[in-house]
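Everything on this sheet refers to the single structure shown next.
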Number of protein chains: 2
Amino acid sequence: MVEQGRSTATITRVAEAAGVSRATVSRVMNGHSTVAPELAERVLAAARALDYAPSPVARSLALGRTATIALIVPDLSNPMFQDVLRGLSLAAGADGHRLLIAESNEHVEDEEVLAIEARRRCDGVVLASPRLPTADLERLVPQLTPLVLINRKLPGSGVPSLSVDHAAGIGDLVAHLLSLGHRRIAYLAGPPASTSNRDRLDALLRLSDHGREFELIQVPCGAMFDNGHDVAGEVAGSGATAVVAYNDMVAFGALSGLHELGVSVPGQISITGFDDIPFARFTTPPLTTAAVPKNTLGKQAWEQLRNQLDGRRTKHEADFRPRLLVRGSTGRVSS
Amino acid sequence: MVEQGRSTATITRVAEAAGVSRATVSRVMNGHSTVAPELAERVLAAARALDYAPSPVARSLALGRTATIALIVPDLSNPMFQDVLRGLSLAAGADGHRLLIAESNEHVEDEEVLAIEARRRCDGVVLASPRLPTADLERLVPQLTPLVLINRKLPGSGVPSLSVDHAAGIGDLVAHLLSLGHRRIAYLAGPPASTSNRDRLDALLRLSDHGREFELIQVPCGAMFDNGHDVAGEVAGSGATAVVAYNDMVAFGALSGLHELGVSVPGQISITGFDDIPFARFTTPPLTTAAVPKNTLGKQAWEQLRNQLDGRRTKHEADFRPRLLVRGSTGRVSS
DNA sequence: TTGAAAGCGCTAACAA
DNA sequence: TTGTTAGCGCTTTCAA
């Protein structure tokens, strides 16, 4: 048997040492009612001497709450979720709550049981599950509440949801490209099952208006560097003068691939990303993109969750409009 | 009051419904001893009907273990830790353990209480705490055990520790640069308090051998994109023909900055990074770097922790030697 | 094989 | 103000 930390004192031992009841110790430790100062002092002294701290697990059972929340994401390697994670961790931590993280590793089929299991160890859940079918999600809601959804709406369910307004972001990017004279635009599509990909694609289709505003060339791609890199050739041969990438990583991969092919950006082709992940302004050339406030998303998620934990009702849906950042990767169309 | 999920069934209700004792339900749920098949079936039916699942919190209290571990990191925005997080999350998850994550947000002074608090909710801790003074860490060990250290050694303590062999990585990078003819090398230093920075710097000083092998120019920098970007001018003016950056992000920032200044890489200056974070091979030019097996680190951390949880002793220290990846950002010195 | 009972460590009515 | 008591939901000896 391995040494499992020093044997921890219990409330009973402290009570004995201080010559009081466990209830009194509990009251002192929680700053409750008014315990006689001299008693309180005795209790604290005993607690210090025994190096006592209340057991979170026992408290959780007695109180019915754990001071812990769960974040459920499909994929931790996605910078988008990393920032949400970070914002959430900081905000919840500042309010004395721990963060449990559960990653489905893109296995949608495990996501339900993962979420339910996680919820049972926690007081609430922040769920980012872009691929889970709506029907399944709806069925899940009662077991996950208090719940906050990220990048996903469930109208009429009363579940707070924080989303990026993808359509608005795409709108800004396209307007920018159109103003530069581009009329043949390739979309490097993200994962087909991803709702954010669908949102972005829908927006593009709408804006293209059946080719009347501009010609839209769809290129199946993915969500990672490599995917963008690998379609560079296809892009170059497509006749597109501008590329709207699913996200910054893809854009960066494409940038890299085009560079290797000797295609100049933005000289011959313009490229836009989406998200504004940290290095987007450091690429060569720096990436024009739509910045989504990812930290804000995490922080707001905590606010929404805390409201529910406190029994408050809360506003239900928030859309965060990305901010267009024009940088060096887009330029006037070469005629 | 908000709806807190559907009211969950307890073991008592299931026992009543099945007409058995709680002990029997417990045995069935845990696949223990041999409960008579027909009884077991009755219990399972009741459990299904009531949608029962054992409470993890109650189990934790009764069993004295939580099936949860904690990862403690100074800064989640550091890609290095993100990958460790990911590897750890996956490995622990595969063995049915949850992951609690605690971020000190670089506040070393909070790290101790954060770690202790986290440990009390968990069965063990993976600690990445590059800046915590050794004495403090040593005092902490008994309260955190089972414990695994990342990028940090505590000789004689018996605490398993997984580290990157920074010196070896730097050695490979420098050998590479020397072979290309470089004799004036700038080091873009990371955070002074970081042990990994110190390791890398020490290695450089040793290799430089007081300038006999090459001249070492120290440039205080940092750990992020911006820091690298901001010292580009200084680097360009330093007369260095090659740059060893603290990590890939800094290298990338420097790359970007030099590009803006019209300094060609590797034409005029060669640059190396460290870590091989995902985009390192997509920069322009792609980054020569020392690849650290970060996923492995996370995965191994779980192995080490699991060994301790199982009461097994385990090998104590592992050094992961980075792999030199020669890419486009380094070239023969321009004479 | 099954059940009764005690216990994990804490909190919170209720009484005194 | 303090203590007594019951209870949070589960596991696990110990007897039967």
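Every chain is numbered from 1, with letters handed out A, B, ... down the list of sequences. All of these numbers come straight from a predicted model, not from anything done at the bench.
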Polar side-chain atom of B/R120 near backbone of A/A53 as donor-acceptor pair, under 3.5 Å: yes

Polar side-chain atom of A/D123 near backbone of A/I69 as donor-acceptor pair, under 3.5 Å: no

Lys/Arg N to Asp/Glu carboxylate O, A/E16 vs A/R13, below 4.0 Å: no

From CA spacing to verdict: side-chain contact (heavy atoms from CB on, under 4.5 Å), B/V126, B/W302: CA-CA 8 Å; B/V126 176; B/W302 168 241; over 6 Å; no

Sidechain N-carboxylate O distance under 4.0 Å for B/R48, B/E41: yes

Candidates A/E112, A/R131, A/E111 - the one meeting side-chain hydrogen bond (donor to acceptor under 3.5 Å, both in side chains) with A/S104: A/E111

Any donor-acceptor pair under 3.5 Å from A/R27 side chain to A/H32 backbone: no

Under 4.0 Å protein heavy-atom contact, by nucleotide of nucleotides 6-16 of chain C - B base, S sugar-phosphate only: B-BBBBBB---

Electrostatic pair A/R121-A/E117, nearest N-O below 4.0 angstrom: yes

Polar side-chain atom of B/S26 near backbone of B/R22 as donor-acceptor pair, under 3.5 Å: no

Under 3.5 Å: donor-acceptor pair, side chain of A/Q82, backbone of B/S77: no

Span of DNA chain D in contact with chain B (heavy atoms, under 4.0 Å): D/dG9 to D/dT12

Bending between helix ends of the helix from C/dT1-D/dA16 to C/dA16-D/dT1 [5 pairs per end, 10° resolution]: 40°

